Asker: 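Take this structure, written in structure tokens, and hold onto it; I'll ask about it next.
This is a predicted model, so every value here is computed, not measured. Just follow the structure's listing: the first ligand is 1, and inside any ligand the first atom is 1. In what follows, residues are counted from 1 in the order of the sequence shown.
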Amino acid sequence: MPVTVIIGSQWGDEGKGKLVDLMSEDADVVARYQGGANAGHTICWGDGAEAKEFVLHLIPSGIFHEGTTCVIGNGVVLDPAAVLDEIEKIEALGYDVEGRLKISHNAHLIMPYHKQVEAAQEAARSEDSEDGAIGTTGRGIGPAYTDKFARRGIRVVDLLDPESLRDKLTRAIEEKNALLEGVYDVEPLDVDEIVEEYVAFDEQIDPYVTDTSQYLTRALSSGQRVLAEGAQGSLLDVDFGTYPFVTSSHPTAGGCCTGLGVPPTAVERAVGVVKAYSTRVGNGPFVTELHGEMGERLREAGGEFGATTGRPRRCGWLDLVALGYTASVNGFTEVAVTKLDVLSGFDELKVCTRYRLPSGEEVRRFPSEVETLRRAEPVYETLPGWDADITGARAAGALPTEARDYLRFVEEELDLTVGLTSVGPRRDQVLTGGTGEAAMAA
Ligand code: GDP
């Protein structure tokens, strides 16, 4: 009864969507375990005039594989309007969603007041200090998790009981209005308008709602294969990331168990998705960040602009100190390297293997404290680059020696196998079979 969990090993945007899409072919169920509707997973099919692209925000990427059931787990915070809109768009492409999507009755809801509170809080943080803002996406995700843990959240199951929803919402909005007006000097929200809007979701959402933990337990005991996908990345984990510049949930492996209700003993594989270089959105320490021309080159070559917000991502060299840390926290059983093609054309490539702390000490451990991280300097190994376009390669043997050496360096430093390497955005642009002898001969 195996669960495979796919985890972002950096700060998100590693290309998890493509990997989940590929691995969904062998899965019976694909389940999302945390986050909200901010993380855009981009799925691409076809070529030239036939090329299609779809950005998924909430529904697992398995939805594009007929025969796969998709689950939005209890660990996700759900914006009902966003999920219904996504369902409509996927159905418009000709895919059946109603019979194949299950939403946890225990998932918490994102409400309009969560977005208002988030915007007001970010504005206040920016006023306090220039880089004080966390760089949230303004979709109310953080405040929805805050309410969940403060035990005043509203859950999906509440949508199915309009009378009690009316009471809970009225109380919640009155409380938030006091905060918005009193603390942030922001216009209050219209209680009746929101109550009417949310009461109307009852019938629309009803066909999808179920006890997904029980559903997954049954699926696993009947031998089905479950693929679990996280959003964002491990370094944004609220416990293990660069706090406070983090998300409000657990993208790391443990989040899979609490966010879906599957036991840790069911998790057989933990695949770390490693982008061949580093990117980060929003504020927070980023030791290998490249400012200037080199960073710009990576950003342009990798199309590093947010799928949802269009914000330019901060770019830098691969950081094996950070990756060693996330490999250990997550217990990666293997890694998948994405966007290797983006590194084509660089004379040389740098890879960070140690941090130099202000004391002069060089360490391989990832400091947990933001101030230490801010002051840490990267110590690089320099590897030769390659010129060839590798987007047409389908096996490790077709890569230039330097590209293979780059992958091997990652494997050796992390002591993990690179199981799959992605060399372009499309489904077919992938090398399977790792970097070993068999893959070379393929
Ligand atoms: P996710 O949130 O981790 O799924 O990452 P995103 O979807 O935000 O970012 C990944 C972006 O890179 C998407 O636009 C993908 O189409 C694209 N992508 C994924 N794998 C590759 C790859 O191997 N090469 C290139 N050039 N682009 C890729």
Asker: Just which atoms of ligand 1 are under 4.0 Å from any heavy atom in R313?
Answerer: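 Those qualifying, in numeric order: 8 (O).
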Asker: Could you see which bit of D13 sits under 4.0 Å from ligand 1, with heavy atoms only: side chain, backbone, both or neither?
Answerer: both
Asker: State whether a side-chain donor-acceptor pair under 3.5 Å links H114 with D147.
Answerer: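 Note: H114 and D147 side chains meet the donor-acceptor criterion.
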Asker: Give the atoms of ligand 1, by number and element, whose distance to some non-hydrogen atom of S422 is under 4.0 Å.
Answerer: 20 (N), 21 (C), 22 (C), 23 (O)
Asker: I'd like the name of whichever of P425, G303, G15 reaches closest to atom 5 (O) of ligand 1 through any heavy atom.
Answerer: G15
Asker: Under a 4.0 angstrom heavy-atom cut-off, which atoms of ligand 1 come close to G424?
Answerer: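 Answer, ordered by atom number: 20 (N), 21 (C), 22 (C), 23 (O), 24 (N), 25 (C).
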Asker: For the side chain to side chain contact (heavy atoms under 4.5 Å, CB included) test, which of T338, V342, L340 pairs with K275?
Answerer: T338
Asker: Is E91 reaching over with its side chain to a backbone N or O of E88, donor-acceptor style, under 3.5 angstrom?
Answerer: no
Asker: Is E371 atom CD crowded by more than 12 heavy atoms from other residues, nucleotides or ligands, each under 6.0 Å away?
Answerer: yes
Asker: Check for me whether the distance between the ring centres of F64 and F54 falls short of 6.0 Å.
Answerer: yes
Asker: Can you tell which of K339, Q232, K18 gets a heavy atom nearest to atom 27 (N) of ligand 1?
Answerer: K339
Asker: What residues form a salt bridge (Lys or Arg N to Asp or Glu O under 4.0 Å) with K18, not counting sequence neighbours?
Answerer: none
Asker: Would you say ligand 1 has an N or O under 3.5 Å from any N or O of T338?
Answerer: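 Between T338 and ligand 1, no N or O pair is found under 3.5 Å apart.
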Asker: List in chain and number order the residues that pass salt bridge (Lys or Arg N to Asp or Glu O under 4.0 Å) with R356, two or more places apart in sequence or in another chain; answer none if no residue qualifies.
Answerer: E362, E377
Asker: Are any of the N or O atoms of L340 closer than 3.5 Å to those of ligand 1?
Answerer: no
Asker: Considering the heavy atoms of V423, write down every atom of ligand 1 situated less than 4.0 Å from one of them.
Answerer: 23 (O)
